[in-house]
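As structure tokens, the structure follows; a few thoughts come after it.
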Amino acid sequence: MIGIQPIDQYARDISDEKQASVIDGSSKGTDKRYTVLHKDYSDPDALRKLAASIKDHTLHHLEDYLAKAEQSLTANGVNVHFAATDEDARQTILSILRSHEVTQLTKSKSMAAEEIHLNPFLIENGVECLESDLGEFIIQLDGDEPSHIVKPIIHLNRRDIAKTFLREGVTDQYNDDPETITRQARVHLRRKYMQAQACITGANFVCADTGRFALVTNEGNSRFGMAPVPVHIALVGIEKIIPEEKDLAVFLNLLGRSATGQQLTVYTEFITGPRSENQPDGPEHVHVVFMDNGRTDVLASNCKEILRCIRCGACQNVCPVYRQASGHAYRSTYGGPVGAVLSPILFGSRFPELADLPKASSLCGACNEVCPVDIPIPDLLLRLRDKAKRESIPSAGAIPMSPFATLATSPALWRTAMTMSKAMNHLPIQVAPIKPLQDWLGQRTLPDSHGGDFRKWMHSRKSTPQA
Ligand code: SF4
């Protein structure tokens with residue numbers, strides 16, 4: 001079916017203000033990443049290739065490393081749970097909370113929790129769940145969805161946030177000074193930390209050898225969340241395991257630089273288990289819920305490299321399609337190039353309409369160039385496009401290739417088309433011959449046509465005697 005793709009529609013409908021926020025937030029991230037990475041490493045490529053090989057090795061032996069991690073975590077006093085699906089994960093978390101009679105908790109940013117829509121589920125089941133990451137807190141107040149893996153409110157500006165705070169009673173005076181906004185949130189959240197009975201986090205890396213897990217934030221909110229409560233639950237995708245603690249040196253160095261252009265994320269927590277007798281605070285009960293939710297399907301697919309992802313968001317920052325359309329255009333938890341690969345495989349059986357996402361790319365290769373674990377995203381997108389074609393999955397925006405084949409195999413037709421294509425440069429969009437072409441041209445600027453120049457060159461070459 002030829003027609004406008006949903007992502008083009010988002011790019012067309014997005015407000016100028018929102019698009020400016022996305023472009024500004026993503027381009028700054030890209031510039032900082034480049035400066036910090038190249039300042040500290042003479043050969044950043046070697047580091048990301050090392051990271052890729054550690055991840056590939058782990059994924060190749062995932063079952064063994066999962067078993068090893070379970071053993072190490074259990075030895076540290078952590079309760080380990082496994083959830084095959086999103087529903088299993090939600091029910092497991094709810095039953096842990098009920099067993100500890102928790103009715104109020106704080107939650108730090110976790111894409112795994114976003115993936116299973118944990119907040120609305122807990123609220124529906126009588127558990128008050130407050131986001132403690134500033135961006136996620138604003139998303140929660142707005143009833144919105146995150147639009148970036150690392151910067152969930154990349155699509156908002158400070159005026160939007162100030163209005164939200166006033167509307168939702170976080171403050172009684174409009175003030176869009178960023179420092180004031182942060183202070184207002186801080187006062188509000190600190191009260192809530194002390195009232196909570198549990199905290200939920202994700203985990204960036206779980207070390208199979210020691211059972212220690214690492215959690216990074218820039219606001220220290222997970223640390224605040226854990227300190228006063230008796231129960232800590234970490235929801236972790238099974239691909240977050242790394243073999244040994246020493247591997248953290250590779251990944252933490254890459255994550256901070258790739259995500260926010262920092263040498264290291266501001267707060268890095270290493271969690272070994274429940275608090276010991278001589279520790280004054282921290283949870284007495286620690287639970288880790290390992291979640292599959294489609295990851296073994298990804299592992300069995302020809303796109304398993306995407307499971308190397310450490311959720312840094314660098315590919316989103318650099319992607320020209322993401323910058324134009326924003327993360328919401330991808331209609332799933334994971335936007336940008338990583339989402340265009342991951343979402344159709346993770347959620348495709350339930351949401352077949354996501355099969356169009358692999359087409360949301362110009363295949364420029366920038367995502368692969370910045371990826372700290374060297375994921376060949378353009379190759380994976382092509383594999384998914386090929387799969388969709390072979391399985392005849394219909395999607396908007398598919399351009400039928402048979403007319404092109406007819407054109408390309410008939411010299412006379414081709415010559416005529418080349419002559420006409422020059423005229424296209426001078427036609428106003430509205431008079432393009434068919435409506436879908438008008439839609440398509442509405443989103444793109446055609447390069448100047450040089451059709452026919454190659455033929456002329458060949459012709460002159462034939463008539464000029466070669467030395
Ligand atoms: S695919 Fe690579 S660049 Fe994109 S979020 Fe994952 S690790 Fe970062």
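Please read all numbers here as calculations on a predicted model, not as lab measurements. Counting starts at 1 for both ligands and their atoms, in listed order.
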Pair Thr106-Phe224, side chain to side chain contact (heavy atoms under 4.5 Å, CB included): steps then yes or no: CA-CA 9 Å; Thr106 60; Phe224 271 117; over 6 Å; no

Which residue and heavy atom of the protein sit nearest atom 7 (S) of ligand 1, plus the separation: Ile310 N, 3.4 Å

Main-chain N/O of Leu156 paired with Asp160 side-chain donor or acceptor, under 3.5 Å: no

Are the aromatic rings of Phe121 and His117 close, with centres under 6.0 Å apart? no

What protein heavy atom sits nearest atom 2 (Fe) of ligand 1, and how far off is it? Cys371 SG, 2.4 Å

Quick one: sort the His232 and Phe213 rings into parallel, tilted or perpendicular, breaks at 30° and 60°. tilted

Looking at atom 5 (S) of ligand 1, what's its closest protein heavy atom, distance included? Gly313 N, 3.2 Å

N/O/S atom of Cys315 under 2.8 Å from atom 4 (Fe) of ligand 1, yes or no? yes

Which of the atoms of ligand 1 are close to Pro372, meaning less than 4.0 Å from one of its heavy atoms? 2 (Fe), 3 (S), 7 (S), 8 (Fe)

Checking contacts here: is it the side chain or the backbone of Ile377 that comes within 4.0 Å of ligand 1, counting heavy atoms only? Could be both or neither. side chain

Are His328 and His148 an aromatic pair by the rule of ring centers under 6.0 Å? no

Going by the atom numbers of ligand 1, which of them fall below 4.0 Å from some non-hydrogen atom of Ile375? 1 (S)

What distance do Leu215 atom CG and Thr265 atom OG1 have between them, rounded to the nearest 0.5 Å? 10.5 Å

Heavy-atom distance to atom 6 (Fe) of ligand 1: which of Ala314, Ala51, Cys312, Cys309 wins? Cys309

